Amino acid sequence: MPVTVRELTPDDLTDAWQLGRLAFGSDPQPPPHATAPVPGLTRYGAFDDAGRLVGKAVDLHHEQWWDGRTLSAADVGGVAVAPEARSRGVARALLGRLLRGAHDRGAAVSALFPTITAPYRACGWDVAGALRTVTLPTAALPRHRPAPHLTLRAGQAADLPAVTALYERVARHRRGLLTRHGELFTPPAGNLPFDGLTLVEHDGDLVGYAGWNRGRGYGHDAVLTIEDIAASTGDAARALIGTLASWQSVTPTLRICPLPGDAVGAHLPLEAAREHERDLWMHRPVDVARAVADRGWPAHLRGSVEFTLDDDLADWNTGTWRLEVADGDARLTRVATDADLRLTVRGFALLYCGATDAPAVAEAGLLHLAVGADPRPLNLLAAGGAAHLHDYF
């Protein structure tokens with residue numbers, strides 16, 4: 001289906017809202033930001049020959065932490081296509097234009113939460129992980145008393161900058177977590193974004209926090225939802241969990257998104273957890289050279305490998321590259337001839353995010369080998385461990 005894709009203007013936003021409302025079953029009344037320009041994002045629309053809006057997508061101007069460095073990201077949200085225009089190439093046209101715009105503004109990588117994976121795989125994204133929400137019996141939480149050197153108190157809106165700073169301290173050495181910088185993460189002035197905020201301090205410094213929503217009722221079906229939680233020490237994590245355990249008489253169930261390998265998860269009774277929701281997330285490079293050069297790499301790692309990359313939606317990535325990693329840095333340089341390892345952009349995404357290894361990518365048909373070639377040198381691209389995404393958008 002031939003379409004024209006361009007950035008949406010303010011005059012297009014009501015139609016874009018209606019398209020998204022029908023796709024996602026939203027409230028018929030749009031919130032104020034839905035039909036007004038919003039800083040920190042770029043909205044794209046696809047228009048048919050008659051000028052009707054038949055598809056939309058949003059580029060969210062996020063940053064992601066990768067081993068102590070920030071990567072500019074074009075995270076994708078709000079993709080919707082009119083029912084009469086589906087399966088006719090509209091989403092591909094939208095995502096191709098979004099990637100070009102993101103490349104032009106300097107983005108390195110892109111992530112999204114799909115409602116269906118196939119259209120995004122066809123455009124180079126692949127599943128790199130899952131954001132898991134679990135339920136725990138509140139009574140199963142250990143009743144830790146705070147260590148004597150710690151102070152617990154209720155937080156206020158004035159504490160939110162310190163909360164963000166602690167999150168950044170915990171997140172910066174990880175891979176894939178959003179920085180929560182920028183215009184899209186500015187909370188409403190004077191308000192908390194949740195019902196309550198519990199803080200843990202050591203000599204006046206914040207070392208742990210939990211933002212929670214109380215929900216309704218106090219019977220067997222009452223739920224305490226932890227919207228955001230982080231701790232920089234084991235003592236702070238135990239203090240937070242002990243406070244959450246104190247809710248057991250009125251909220252028998254705790255709902256939480258554990259971040260794999262963090263201080264809080266290390267002290268939760270995860271054997272008692274039951275999965276409540278599971279949201280897959282997908283990743284792809286916007287610009288492979290930036291994605292490699294701008295992130296951090298394990299300081300002990302050293303090596304090189306050549307591979308040919310195919311990316312038919314972002315042709316600036318296509319070609320043969322030499323990856324060189326040393327002393328916490330890496331770079332891609334172009335090579336004139338094809339290599340024995342031929343990688344699809346989906347395979348690149350999986351390795352870059354540490355979601356699998358090169359032999360498995362080859363088994364999936366996302367890495368093609370010359371006769372006798374060994375895929376394992378491409379494990380260099382997967383070094384550093386698995387990426388995680390902890391903010392739903």
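What you are looking at is a predicted structure, and each value in this text was computed from that prediction instead of being measured.
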Run the side-chain donor-acceptor check on residues 385-393: report pairs under 3.5 Å with partners two or more places apart or on a different chain.
residue : atom : partner : partner atom : Å
H388    : ND1  : R174    : NH2          : 3.4
H390    : NE2  : C257    : O            : 3.2
D391    : OD1  : R180    : NE           : 3.3
D391    : OD1  : R180    : NH2          : 3.2
D391    : OD2  : R180    : NE           : 3.3

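- Proximity of T117 to P114: side-chain heavy atoms (C-beta onward) are separated by under 4.5 Å at one or more points.
- Checked against ring-ring contact (aromatic ring centres under 6.0 Å, His included), F185 has the following partners two or more places apart in sequence or in another chain: H62.
- Looking at D329, its side chain never comes within 3.5 Å of a backbone N or O of A326 through a donor-acceptor pair.
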Which donor-acceptor pairs under 3.5 Å do side chains of residues 363-383 form with protein atoms, sequence neighbours excluded?
residue : atom : partner : partner atom : Å
H368    : NE2  : G365    : O            : 3.4
D374    : OD1  : R376    : N            : 3.0
D374    : OD1  : R376    : NE           : 3.1
D374    : OD2  : R376    : NE           : 3.1
D374    : OD2  : R376    : NH2          : 2.9
N379    : OD1  : A358    : N            : 2.7

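- Considering every non-hydrogen atom in both L184 and P39, the closest pair reads CD2-O, 3.6 Å.
- Note: L13 CG to L19 CG = 12.5 Å, rounded to the nearest 0.5 Å.
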Evaluate side chain to side chain contact (heavy atoms under 4.5 Å, CB included) for I226 paired with N213, printing each intermediate quantity in order. CA-CA 7 Å; I226 309 306; N213 281 322; over 6 Å; no
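- In this structure, L160 and P193 have side chains that are in contact, with non-hydrogen atoms separated by less than 4.5 Å.
- We find the CD-CG distance between E7 and D59 to be 9.0 Å, quoted to the nearest 0.5 Å.
- Residues I229 and L268 share a hydrophobic cluster, clusters being chains of Ile/Leu/Val/Met/Phe/Trp/Tyr side chains in contact below 4.5 Å.
- You'll find the side chain of C353 stays beyond 4.5 Å of the side chain of R175, heavy atoms only.
- A donor-acceptor pair under 3.5 Å is absent between the side-chain atoms of D75 and the main chain of L112, judged by distance alone.
- Pairs passing the side chain to side chain donor-acceptor pair (under 3.5 Å) check and including a residue from residues 43-55, sequence neighbours excluded, read D48-R52.
- At least one donor-acceptor pair under 3.5 Å links the side chain of T243 to the backbone N or O of A239.
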Discussion item. Go through it in stages, so that I can follow the logic: the residues are E201 and D205, the test is side chain to side chain contact (heavy atoms under 4.5 Å, CB included), and I'd like the CA-CA distance, side-chain angles, deciding distance and then a yes or no.
Written reply: CA-CA 5 Å; E201 295 177 328; D205 293 327; over 6 Å; no
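- Residues meeting the ring-ring contact (aromatic ring centres under 6.0 Å, His included) test with H220, sequence neighbours left out: none.
- Between the side chain of E324 and the backbone N or O of S304, no donor-acceptor pair lies under 3.5 Å.
- Checking side-chain atoms of Y352 against main-chain N and O of A291 turns up a donor-acceptor pair under 3.5 Å.
- Of all heavy-atom pairs spanning P28 and P30, the tightest one is O-CD, 3.5 Å.
- Contact detail for W17 and T35: the closest heavy-atom pair is CB-CG2, 4.2 Å.
- Pairing each heavy atom of Q29 with each of D27, the nearest pair is N-OD1, 2.8 Å.
- Residues satisfying the side chain to side chain donor-acceptor pair (under 3.5 Å) criterion with D357, sequence neighbours excluded, are absent altogether.
- Hydrophobic clustering of Ile, Leu, Val, Met, Phe, Trp and Tyr side chains at less than 4.5 Å, counting indirect connections, unites L343 with L341.
- No side-chain heavy atom of F47 sits less than 4.5 Å from a side-chain heavy atom of V3.
- Follow the hydrophobic side-chain contacts under 4.5 Å out from L71 and you never reach L99; the two are in separate clusters.
- The pair R69-D294 does not meet the salt-bridge criterion, since no charged nitrogen lies less than 4.0 angstrom from a carboxylate oxygen.
- W316 places a side-chain N or O within donor-acceptor distance of the main-chain N or O of V286, the cut-off being under 3.5 Å.
- The side chain to side chain donor-acceptor pair (under 3.5 Å) contacts involving residues 82-94 comprise R92-D312, where partners must be two or more places apart or lie in separate chains.
- Within the structure, ring pair (Phe, Tyr, Trp, His ring centres under 6.0 Å) contacts touching residues 282-302 (residues at least two apart or in different chains) are W66-H283.
- Under the rule for a side chain to side chain contact (heavy atoms under 4.5 Å, CB included), the partners of A16 that lie at least two apart in sequence or sit in another chain are L8, L53, K56.
- Contact annotation: the side chain of T320 never approaches that of T337 to less than 4.5 Å [non-hydrogen atoms, C-beta and beyond].
- For CZ of R153, the number of neighbouring non-hydrogen atoms (other residues, nucleotides, ligands) closer than 6.0 Å is greater than 12.
- At a threshold of 4.5 Å between side-chain heavy atoms, the hydrophobic network of Ile, Leu, Val, Met, Phe, Trp and Tyr places V292 and V335 in two separate groups.
- Taken from CG in L192 to CD in Q156, the straight-line distance is 6.5 Å, to the nearest 0.5 Å.
- Taking hydrophobic clusters as Ile, Leu, Val, Met, Phe, Trp and Tyr residues chained together by side-chain heavy-atom distances below 4.5 Å, I241 does not share a cluster with L166.
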Tell me, with the steps shown, if F307 and L332 meet side chain to side chain contact (heavy atoms under 4.5 Å, CB included). CA-CA 10 Å; F307 62 94; L332 283 177; 4.0 Å; yes
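- The distance from atom NE2 of H61 to atom CG of L41, rounded to the nearest 0.5 Å, is 6.5 Å.
- In this structure the side chain of R97 never reaches within 4.5 angstrom of the side chain of L95, judged on heavy atoms.
- Of all the heavy atoms in A74 and R105, the pair that sits closest is CA-NH2, 3.5 Å.
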Original post:
Stepwise, does the side chain to side chain contact (heavy atoms under 4.5 Å, CB included) test hold for L197 with V163?
Top reply: CA-CA 10 Å; L197 177 63; V163 166; 4.0 Å; yes
Side-chain polar contacts of residues 123-147 - donor-acceptor pairs under 3.5 angstrom, sequence neighbours left out - could you list them?
residue : atom : partner : partner atom : Å
W125    : NE1  : S110    : OG           : 3.1
D126    : OD1  : R121    : NE           : 2.9
D126    : OD1  : R121    : NH2          : 3.2
D126    : OD2  : R346    : NE           : 2.8
D126    : OD2  : R346    : NH2          : 3.0
R132    : NE   : E275    : OE1          : 3.0
T135    : OG1  : R274    : O            : 3.3
T138    : OG1  : T251    : O            : 2.6
T138    : OG1  : P252    : O            : 3.1
T138    : OG1  : T253    : N            : 3.3

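- Identified under the side chain to side chain donor-acceptor pair (under 3.5 Å) test for residues 191-200, with sequence neighbours left out: T198-W212.
- One finds no salt bridge joining D315 and R100 here, because no Lys/Arg side-chain nitrogen approaches an Asp/Glu carboxylate oxygen to under 4.0 Å.
- Contact of the L323 side chain with the V325 side chain is registered, since non-hydrogen atoms from C-beta on lie closer than 4.5 Å.
- Residues Y209 and L240 are not in side-chain contact: their nearest non-hydrogen atoms beyond the backbone lie 4.5 Å or more apart.
- Dense packing is recorded around CZ of R334, with more than 12 heavy atoms of other residues, nucleotides or ligands lying under 6.0 Å away.
- Within the hydrophobic cluster formed by Ile, Leu, Val, Met, Phe, Trp and Tyr side chains joined at under 4.5 Å, directly or through other members, V223 stands alone, with no partner residue.
- A side-chain donor-acceptor contact under 3.5 Å links R290 to the backbone of H103.
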